[in-house]
Structures are given as structure tokens and as C-alpha cells.
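For reference, the structure is listed below as C-alpha cells.
What you are looking at is a predicted structure, and each value in this text was computed from that prediction instead of being measured. Below, chain A is the first sequence line, B the second, and so on; all start at residue 1.
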Number of protein chains: 2
Amino acid sequence: MIELSKAEFDVLDALWINYPATASQIIERLSDDKQWHEKTIKTLLGRLVKKGALTFEKEGRQYIYTPCMERADYTLKESQNFIERFFSGRIAPLVSGFAKSEQLSQQDINELKKVIDDWEKNQK
Amino acid sequence: MIELSKAEFDVLDALWINYPATASQIIERLSDDKQWHEKTIKTLLGRLVKKGALTFEKEGRQYIYTPCMERADYTLKESQNFIERFFSGRIAPLVSGFAKSEQLSQQDINELKKVIDDWEKNQK
DNA sequence: AATTAAAGACTACACCTGTAATCTATAATT
DNA sequence: AATTATAGATTACAGGTGTAGTCTTTAATT
């Protein structure tokens, strides 16, 4: 699995919003949330390319970036990893921890029920 | 929140198995899973103390270590953090990702149902 | 054509991390 | 009491990370 740092992920995440995109577009998108210098983001883009998380094509003197993987695939792998590390690979203890500390809303419960429902329909 | 590296967490995790415990006991516990040199683990213990994740008392020339927090509290915070970063704070999309990629077993589903059940009982 | 501005490349640098080796103090052993 | 072994403290060092600054090239502007 490609290992991304937090900052790298945030840049990739800005690209996932809509791609392909230029560096300036990504910088623009990040400007609301982060106080990052333009140079910082360029560095991170370079590192992402080096790690194989992005590719680009030249257009004039700019690069047009495209992610090399989908967000859902990346977050799934990260999730598996996370759950393996902290909960020996079982997902229920994570949810249970949230429940115990009253971090679950009725909406969460409804959504979880739907996930379970869909899963069961799929079994038949 | 105290930020621990992976290796630091693994050492703390070995202490959580049973504590208080000496460095040698922790080293012994880790010897099955990790090929770490004793010195490496001592270094990590030192860093954990410095970060405030552990305390110790002297006994003869050894230290007896105790975690400064409970495992459940730590993993809950890590989970919140994780879910915030990758799923905007919603837990269902994580579970849903697992479901879609067929990572959920019947046992997971049963456990999740129980969590939901308990939560609902608790609401009344 | 000459100048300027902006994109990306390269360099920087401190702190974190993984992974120990060496130093120092002291408890245990002879 | 002297020696040794061991616990912890200190030092080491390369690679990753956050966070840019400077250099180089080339498109755009005068």
C-alpha cells in the first residue's frame, strides 16, 4: 500500500474533489481550510507523484494532475489497517466504543441499520 | 491528544496487557511478535514517558511502568480522529465501505446488530 | 526581441521515527 | 571490598514530514 502522510492525503483529497486539476486549482481549494504556502502544496504534489499516488500531463507550462487511485479504495485500505492495528481486525469493537461513549447519534444508527440491511439483502 | 507513533503504540499495547510491569516483562511480551532489539524497546519506553503516556516507579534499579490512560480511551480518540479525517466524522460510511468490498462476515453483522440493540435499549 | 512573471525543480532545515550502540551508575556476585 | 552485569540515560543516524525558500525554465507581456 502506498503510504501517505497526513498533509499528502489532504492534498490528494483536494484533488479527489474534482480531477484532473492543476496545481493552482488544488491550491485554491485548500486555501479555505489550510494556511499552507503555495510552495508547501507544490512540494506535497511532488511527493505524491514520487510515491505514485498521482500522475500528470503537461499542458503549456502547467501540470494537470490525476489521482492514481480512487478515494474509496484508499480509505478502505486505511480503514482495514486501522482496524487491524487497534481492534485486531474486528469492526464491531470500534462501533461499540463509539456507542459506549455516546458518540452515536440516531442518524448514525439509522445509517448503520441500512448498511446491515443492504448487506443482508445481498446475501440472498 | 497525545500522539504516539506506531512503534510506541505497540509498546504501550504490550503494557496494557497487564500492568504495572517492568521493561523486561514488556520486552518479553513483545518478543513473540516483533524482532526488536531490547535497546529499541527501552528507547520507546523512554519516549512514551517523555510524551506522558506512561509513568513509572523505581524499584531497586528497575522501573515499574504504568500507562497513564486506558486502552479504550486511547483507541476511541484515535477512532474519532480517523473517522473525522477520512469520513468527515460519520461512522456509517466506514462500515459501508467494508460491506461493499465484502469485508463483513456474518459474525461482524451479528456483533454490529448487538451494538445497535444495546444502544437502543439505552435510549429508553 | 527583451523583460517579467509564474510553474515546476531543487534545496533546506528542524523535528519525528525506527532502530540501535555506547556510556554511566548501581545492584548483584565473587 | 572489588568486580561484573545490568538497568536506564545519552548519543547516533538515516529516512520521513511539515513547511517553505531559492533556482531555472519558459510562457506571457511590453
Side-chain angles (χ1 to χ4, degrees), chain A residues 1-15 19-67 74 78 81-82 85-86, chain B residues 1-15 19-67 74 78 81-82 85-86:
Chain A
M1 183 170 67
I2 297 182
E3 295 271 357
L4 304 182
S5 76
K6 286 179 207 282
E8 286 160 1
F9 173 80
D10 287 335
V11 170
L12 180 50
D13 213 14
L15 178 57
Y19 57 85
T22 64
S24 339
Q25 290 174 315
I26 296 170
I27 290 165
E28 174 56 30
R29 289 175 199 168
L30 286 165
S31 69
D32 298 332
D33 296 2
K34 312 276 172 183
Q35 323 305 316
W36 284 339
H37 195 286
E38 160 226 357
K39 298 295 188 187
T40 299
I41 299 175
K42 298 266 183 88
T43 296
L44 293 169
L45 283 170
R47 289 180 186 170
L48 284 164
V49 169
K50 197 171 163 198
K51 288 189 177 184
L54 298 183
T55 36
F56 60 83
E57 285 187 20
K58 256 187 181 149
E59 174 154 330
R61 77 173 141 169
Q62 298 191 113
Y63 290 173
I64 316 284
Y65 295 94
T66 307
Y74 181 76
E78 283 296 316
N81 217 286
F82 181 88
R85 282 182 61 64
F86 293 109
Chain B
M1 182 171 66
I2 297 182
E3 295 270 358
L4 304 182
S5 76
K6 287 179 206 283
E8 286 160 2
F9 173 80
D10 287 334
V11 170
L12 181 49
D13 212 14
L15 178 58
Y19 57 86
T22 64
S24 337
Q25 291 175 314
I26 295 171
I27 290 166
E28 174 56 29
R29 288 174 200 169
L30 286 165
S31 67
D32 297 332
D33 295 3
K34 312 275 174 184
Q35 323 305 316
W36 283 338
H37 195 287
E38 159 226 359
K39 299 296 187 185
T40 300
I41 299 175
K42 298 270 183 84
T43 298
L44 293 168
L45 283 169
R47 288 181 186 169
L48 284 164
V49 169
K50 196 170 164 198
K51 287 189 178 185
L54 299 183
T55 37
F56 60 83
E57 286 188 19
K58 256 187 184 151
E59 174 154 328
R61 77 175 140 169
Q62 299 192 112
Y63 290 173
I64 316 283
Y65 295 94
T66 307
Y74 181 76
E78 283 295 317
N81 216 285
F82 181 87
R85 283 183 59 64
F86 293 109

Provide, to the nearest angstrom, the distance between the [atom1] atom belonging to [X] and the [atom2] atom belonging to [N].
| X | N | atom1 | atom2 | result |
| --- | --- | --- | --- | --- |
| B:E59 | D:dG8 | CD | C1' | 15 Å |
| B:I64 | D:dG8 | CD1 | C1' | 13 Å |
| A:I41 | C:dA9 | CD1 | P | 16 Å |
| A:L45 | C:dA7 | CG | C1' | 12 Å |
| A:L54 | C:dG8 | CG | C1' | 14 Å |
| A:I26 | C:dA7 | CD1 | C1' | 13 Å |
| A:K58 | C:dA9 | NZ | C1' | 11 Å |
| B:K42 | D:dT6 | NZ | P | 11 Å |

key: Under 4.0 Å protein heavy-atom contacts per nucleotide of nucleotides 18-30 of chain D, with B for base, S for backbone only and - for none   = BBBBB---BS---

key: salt bridge (charged side-chain N to carboxylate O under 4.0 Å, His left out) partners of residues 43-54 of chain B, not counting sequence neighbours, each pair once   = B:E8-B:K51

task = Give one of base, sugar-phosphate or nothing for A:K51, where a contact means two heavy atoms less than 4.0 Å apart.
result = sugar-phosphate

Pairwise side-chain contact, A:L4 with A:I2, heavy-atom cut-off 4.5 Å (strictly under) = yes

query = Taking C-beta and beyond as the side chain, do A:T55 and A:V49 meet within less than 4.5 Å on heavy atoms?
reply =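 Sidechains of A:V49 and A:T55: no contact.
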
key: Inter- and intrachain pairs under side-chain hydrogen bond (donor to acceptor under 3.5 Å, both in side chains), touching residues 58-67 of chain B, at least two apart   =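 Pairs touching residues 58-67 of chain B that pass the test: none.
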
note = Across all chains, not counting sequence neighbours, the ring pair (Phe, Tyr, Trp, His ring centres under 6.0 Å) partners of A:Y74 are A:F9

Please tabulate, for the side chains in residues 32-42 of chain B, all donor-acceptor contacts under 3.5 angstrom to protein atoms that are two or more places apart in sequence or on a different chain.
| unit_1 | atom_1 | unit_2 | atom_2 | d |
| --- | --- | --- | --- | --- |
| B:K34 | NZ | B:D10 | OD2 | 3.0 |
| B:H37 | ND1 | B:K39 | N | 2.9 |
| B:E38 | OE2 | B:K42 | NZ | 3.2 |

